[in-house]
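If you read the sequence from its start, that first residue is 1, and numbering goes on from there. No hydrogens, no waters, no symmetry mates; every other heavy atom, side chains included, goes into these values. Values in this document were obtained by computation on a predicted structure and should not be read as measured data.
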Amino acid sequence: MPTSPRDRDDQGRARNARPRDGLGRPLPYGLPGVERQPEGVPRTPEESLVEAQRLLDLGRPFHAHEVLEDAWKAAPEPERELWRGLAQLAVGATHAARGNASGASALLSRGARNIAPYRDDPPHGVDVAGLVAWAESGVGVPRLTGGP
């Protein structure tokens, strides 16, 4: 049985090269898509928050998730669950925007649980209390920090 070639990145890892829409859904090859977030970009926590918020404000929670996932992978151990939870909230927002209510609910709940322990002393100005409240309501665009 012949096998189909898999898309590979420069390091030879399997990587789907299909274009994606604004919510990260794969499109057929050859169609124009939304530019993907590059992976592994080194950013400070503040830069990660600013870029993720910019993407959330543009209605691109899938892309914000990719930024937050990079931050999670690079975070020091004491902050890893915070960044993991923020990435999960962005995935929950992605599911909500795609119309997947059960997936959204599960990811928003999981993300809120993971960030809740940081409520009393939130690192990097993350609005943990506001994000937990947002995750419970699922209304509007999440604000990662208390800033504008």
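- Put simply, the side chain of Asp70 never gets that close to the backbone of Glu39: no donor and acceptor are under 3.5 Å apart.
- Residues Pro123 and Leu82 meet the side-chain proximity criterion, which asks for heavy atoms closer than 4.5 Å.
- In plain terms, the two heavy atoms of Gly24 and Arg98 that are nearest each other are C-NH2, 3.3 Å.
- Of all heavy-atom pairs between Ala71 and Ser48, the closest is CB-OG, 3.8 Å.
- Atom CD of residue Glu66 and atom CZ of residue Arg36 lie 6.5 Å apart, to the nearest 0.5 angstrom.
- Looking only at distances, no side-chain donor or acceptor of Arg143 sits under 3.5 Å from a matching main-chain atom of Asp127.
- Note that CZ of Arg84 and CD of Glu69 are 11.0 Å apart. Values are rounded to the nearest 0.5 Å.
- Nearest heavy-atom pair across Val128 and Pro122 is CG2-CB, 3.8 Å.
- For Thr94 (side chain) and Ala90 (main-chain N/O), a donor-acceptor pair under 3.5 Å exists by modelled atom type.
- Comment: Asp21 does not engage Arg60 in a salt bridge, judged by the lack of any side-chain N to carboxylate O separation of less than 4.0 angstrom.
- You'll find the side chain of Leu89 reaches within 4.5 Å of the side chain of Trp134, heavy atoms only.
- Counting heavy atoms from C-beta on, the side chains of Val41 and Glu51 never come closer than 4.5 Å.
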Worked check of side-chain contact (heavy atoms from CB on, under 4.5 Å) between Leu58 and His63: CA-CA 10 Å; Leu58 289 172; His63 298 84; over 6 Å; no
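- No path of Ile, Leu, Val, Met, Phe, Trp and Tyr side chains, each step under 4.5 Å between heavy atoms, connects Phe62 with Leu49, placing them in separate hydrophobic clusters.
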Verdict with supporting geometry, Val126 and Leu86, side-chain contact (heavy atoms from CB on, under 4.5 Å): CA-CA 9 Å; Val126 173; Leu86 293 174; 4.2 Å; yes
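- Taking 4.5 Å as the limit, some side-chain heavy atom of Trp83 sits within range of a side-chain heavy atom of His124.
- Atom-to-atom distance recorded for Leu55:CG and His65:NE2 is 12.5 Å, nearest 0.5 angstrom.
- Judged by distance alone, the side chain of Glu136 and the main-chain N or O of Leu108 form no donor-acceptor pair under 3.5 Å.
- Within the 4.5 Å cutoff, the side chain of Leu131 has heavy atoms near those of the Leu144 side chain.
- Under the 3.5 Å distance criterion, the side-chain polar atoms of Arg80 are matched with a main-chain donor or acceptor of Trp72.
- Of all non-hydrogen atoms in Leu27 and Pro32, the two that sit nearest each other are CD1-O, 3.5 Å.
- Residue Ser102 holds its OG atom at 8.5 Å from NE2 of His95, rounded to the nearest 0.5 Å.
- Closest heavy-atom contact between Pro19 and Leu31: CG-O, 3.1 Å.
- The main-chain N or O of Thr44 is found under 3.5 Å from a side-chain atom of Glu47 such that the two form a donor-acceptor pair.
- We find the OG-CG distance between Ser109 and Leu107 to be 9.0 Å, quoted to the nearest 0.5 Å.
- A 4.5 Å side-chain heavy-atom check between Gln53 and Val141 finds at least one atom pair inside the cut-off.
- The minimum heavy-atom distance between Gly85 and Asn114, with the atom names listed, is CA-CB, 3.8 Å.
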